[in-house]
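Taking it in order: structure first as structure tokens, then the write-up.
Residue numbers count from 1 along this sequence. Just so it is clear, the values below take in all heavy atoms, side chains as well, and ignore hydrogens, waters and symmetry mates.
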Amino acid sequence: MAGSSTAEKHFRFVVVGGGISGVTCAEQLAFQFPKEEVALLTAAPFVKTVTNLRQVSKTLEDFDVEEQPSTTLEEKYPNLKVIHSAVKGLHAKQHVLQTEDGHNVHYQKLCVCTGARPKVVIKENPHVLGIRDTDSAQEFQKQLSKAKRLLVIGNGGIALELVYEVEGCEVIWAIKDKAIGNKFFDAGAAQFLIPSLGVEKPEKTLPCKRARYTINKATKPKAAELGSALGPDWHQDIRLRGAEEISHNVHVEYECEIEAIHTQQDFMQSPCYTQNSDLGLWPVYAQLTSGKVYGCDFIVSATGVIPNSEPFLQGNNFELAEDRGLRVDEHMQTSEPDVYAAGDVCSAGWEPSPLWQQMRLWTQARQMGFYAARCIAAHELEEATELDFCFELFSHITKFFNYKVVLLGKFNAQGLGADHELLVRCTKGMEYVKVVLSRGRMVGAVLIGETDLEETFENLILNQMDLSSYGEELLNPDIDIEDYFD
Ligand SMILES: Cc1cc2nc3c(=O)[nH]c(=O)nc-3n(C[C@H](O)[C@H](O)[C@H](O)COP(=O)(O)OP(=O)(O)OC[C@H]3O[C@@H](n4cnc5c(N)ncnc54)[C@H](O)[C@@H]3O)c2cc1C
Ligand SMILES: NC(=O)C1=CN([C@@H]2O[C@H](COP(=O)(O)OP(=O)(O)OC[C@H]3O[C@@H](n4cnc5c(N)ncnc54)[C@H](OP(=O)(O)O)[C@@H]3O)[C@@H](O)[C@H]2O)C=CC1
């Protein structure tokens, strides 16, 4: 039960982090243990709650996310207390956390859900931005409103969203790969999508079953606060327009990385300037490994994330994964007793199902937060737990370039080496369907557009039926595949 002293507080369950994983975990614990006080510690002034959860299929889920003041959560769960303060240290042996505002918070079971931060390629440079939370998105919007040219580095989720959404500003998109969107697609899907970059965007976005993100404008974080990650449709409430009277203008520079960046002053004094003096005057110049140099107003580094594991490491024995995530076992337990972790901060350390992989996504943050709470409860009640069904099959529903995108299983044949074959069906501007088969069984799929195939393919992947005899008929558009496999 909570103590009354201001410096020492005692709770049976403590969760750190007010993003999707932390809030889901804290809600679930508060629900399962109504007589115990659960503390949710967060550095952000608001919390993220999942609403309107809909199960699209067995594993695909769709939900809305709302940023809410913590009182809303406390009213819903009277035994849930939200404490707004960053954690600066943990003494795992003593089971106590130290907060920035001087409290010692004692726990019996702790779940760390502190998310991640952008892995910005050039750090602490005012011309290079990363996008993570409301604050950084607003800084991006401010810089964009005055910009004529923007350079985007990275080839994953954020880059895909930005290059499509930004208008009124020339975009140079520098990627390491031969095709766009390497995190989510193969070269075939990239080819299907790329024409969308050259055309005017539709006035109205297509309706699409996916998560919706709502920002509570009254709860904007103060500068330097660690906010929660943005999510689907985060850009809908933000005007992503530059200073020029142009619509969409994206140029992709393939197979290159940033070698160096120079301020205008540095650039004009560098040997590079004599060869590139016709580049015009820009606040910053990016020298690419391809040898090209681009001047621009600012650079967005959309180059992935680093888990926020630091405040918990010093003086403790946490095992870290290669990506610096807190390694968790199949019960979401870290290597320190009574400390669990979920969401972007953790790295799945169990032997995964052959059809699942971790990706730092909203859905996985929710699933892990929920499952971590179930594991904590089971340990407290000395009950057994089995790995949740959601970790059987990777599934993600999202939207890129205004197309609905569904990814299932080993959608990019991850880890399959040469042991797979692909079947592809593509109708320009309408749909792209790719199926990954291994030894005659479906192990992954990419569905772009309104294909209506997700449920059938999910079933075929889950039941591992031998499809060898169907061959290319599997993607024959004249066959109603749903009836076929009923
Ligand atoms: C621009 C953008 C777009 C995205 N779009 C999508 C999408 O379309 N689909 C999708 O599935 N995913 C998307 N993601 C990814 C998704 O948002 C994240 O995977 C997910 O939100 C992670 O949730 P989390 O709870 O683990 O972490 P976070 O949301 O980052 O929450 C971490 C929480 O921990 C708190 N915290 C951190 N350090 C401390 C500390 N020391 N003490 C106390 N509190 C602390 C923070 O204040 C925050 O409340 C997007 C991410 C970004 C940045
Ligand atoms: N609709 C959705 O589902 C969305 C999801 N997100 C999620 O939000 C998080 C942050 O997004 P984002 O930052 O785009 O991260 P992602 O992990 O999606 O993509 C990072 C990209 O940057 C590349 N990269 C990494 N280091 C460098 C480097 N030094 N130079 C050039 N390129 C580099 C990566 O290549 P490589 O893979 O080869 O390392 C990859 O293409 C991710 O977890 C992402 O999944 C974000 C937006 C939308």
Side-chain angles (χ1 to χ4, degrees), residues 115-163 165-166 169-177 180-183 223-227 229-230 234-235 240 242-243 250-273 275-276 279-310 322-325 344 360:
R117 61 185 182 282
K119 189 187 78 179
V120 177
V121 284
I122 291 150
K123 291 179 197 74
E124 285 167 32
N125 184 309
H127 297 295
V128 184
L129 297 185
I131 300 177
R132 179 72 184 174
D133 48 21
T134 315
D135 221 20
S136 51
Q138 282 173 354
E139 179 57 29
F140 168 69
Q141 183 191 24
K142 196 171 116 198
Q143 296 219 19
L144 179 65
S145 66
K146 295 176 279 179
K148 293 183 172 151
R149 187 190 281 166
L150 156 72
L151 184 97
V152 177
I153 334 163
N155 198 11
I158 295 182
L160 279 166
E161 294 194 333
L162 282 188
V163 299
E165 293 299 331
V166 165
C169 179
E170 186 186 353
V171 178
I172 310 293
W173 186 12
I175 59 174
K176 292 196 286 155
D177 315 285
I180 62 165
N182 77 321
K183 275 282 186 201
E225 269 172 346
L226 285 160
L230 296 159
W234 60 275
H235 39 74
L240 292 187
V250 183
H251 168 74
V252 188
E253 276 290 326
Y254 292 95
E255 294 184 87
C256 62
E257 287 179 52
I258 290 231
E259 190 160 280
I261 63 165
H262 308 280
T263 59
Q264 192 185 92
Q265 207 184 5
D266 291 347
F267 183 66
M268 288 169 88
Q269 285 162 8
S270 76
C272 204
Y273 179 65
Q275 295 149 26
N276 295 286
L279 289 180
L281 283 180
W282 294 95
V284 61
Y285 294 83
Q287 199 176 327
L288 304 177
T289 47
S290 58
K292 287 199 181 164
V293 178
Y294 281 99
C296 59
D297 290 286
F298 69 107
I299 297 168
V300 172
S301 175
T303 39
V305 295
I306 308 175
N308 285 326
S309 48
E310 281 76 20
E322 234 171 82
D323 59 11
R324 297 194 62 73
D344 278 10
R360 291 192 161 86

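For the side-chain hydrogen bond (donor to acceptor under 3.5 Å, both in side chains) test, residues two or more places apart in sequence or in another chain that qualify with Arg360 are Asp323, Ser347. Applying the salt bridge (Lys or Arg N to Asp or Glu O under 4.0 Å) rule to Glu259 yields no partners; only residues at least two apart in sequence or on another chain are considered. Take Tyr294 and apply the ring-ring contact (aromatic ring centres under 6.0 Å, His included) test, not counting sequence neighbours, and it matches no residue. Contacts of Asn125 classified as side-chain contact (heavy atoms from CB on, under 4.5 Å), with partners at least two apart in sequence or in another chain: Ile122, His127, Val128, Ile261. For Ser301, the side-chain hydrogen bond (donor to acceptor under 3.5 Å, both in side chains) partners two or more places apart in sequence, or in a different chain, are Thr303. By the side-chain contact (heavy atoms from CB on, under 4.5 Å) test, Glu124 pairs with no residue at all, sequence neighbours left out. Residues forming a side-chain contact (heavy atoms from CB on, under 4.5 Å) with Lys148 (at least two apart in sequence, or on another chain): Glu244, Trp282, Asp297. Among residues two or more places apart in sequence or in another chain, the salt bridge (Lys or Arg N to Asp or Glu O under 4.0 Å) test is passed with Lys123 by none. For the side-chain contact (heavy atoms from CB on, under 4.5 Å) test, residues two or more places apart in sequence or in another chain that qualify with Glu257 are Lys176, Thr289. Partners of Glu253 under the salt bridge (Lys or Arg N to Asp or Glu O under 4.0 Å) rule, at least two apart in sequence or in another chain, are Lys292. Here Ser145 pairs with nothing under the side-chain hydrogen bond (donor to acceptor under 3.5 Å, both in side chains) rule; sequence neighbours left out.
Within the structure, every pair that satisfies the ring-ring contact (aromatic ring centres under 6.0 Å, His included) test and touches residues 129-149, not counting sequence neighbours, is listed here: Phe140-Phe298.
Side-chain atoms of Trp173 do not come within 3.5 Å of backbone N or O of Tyr254 as any donor-acceptor pair.
Between Tyr285 and Phe267, the two ring planes are parallel [angle under 30°; tilted spans 30° to 60°].
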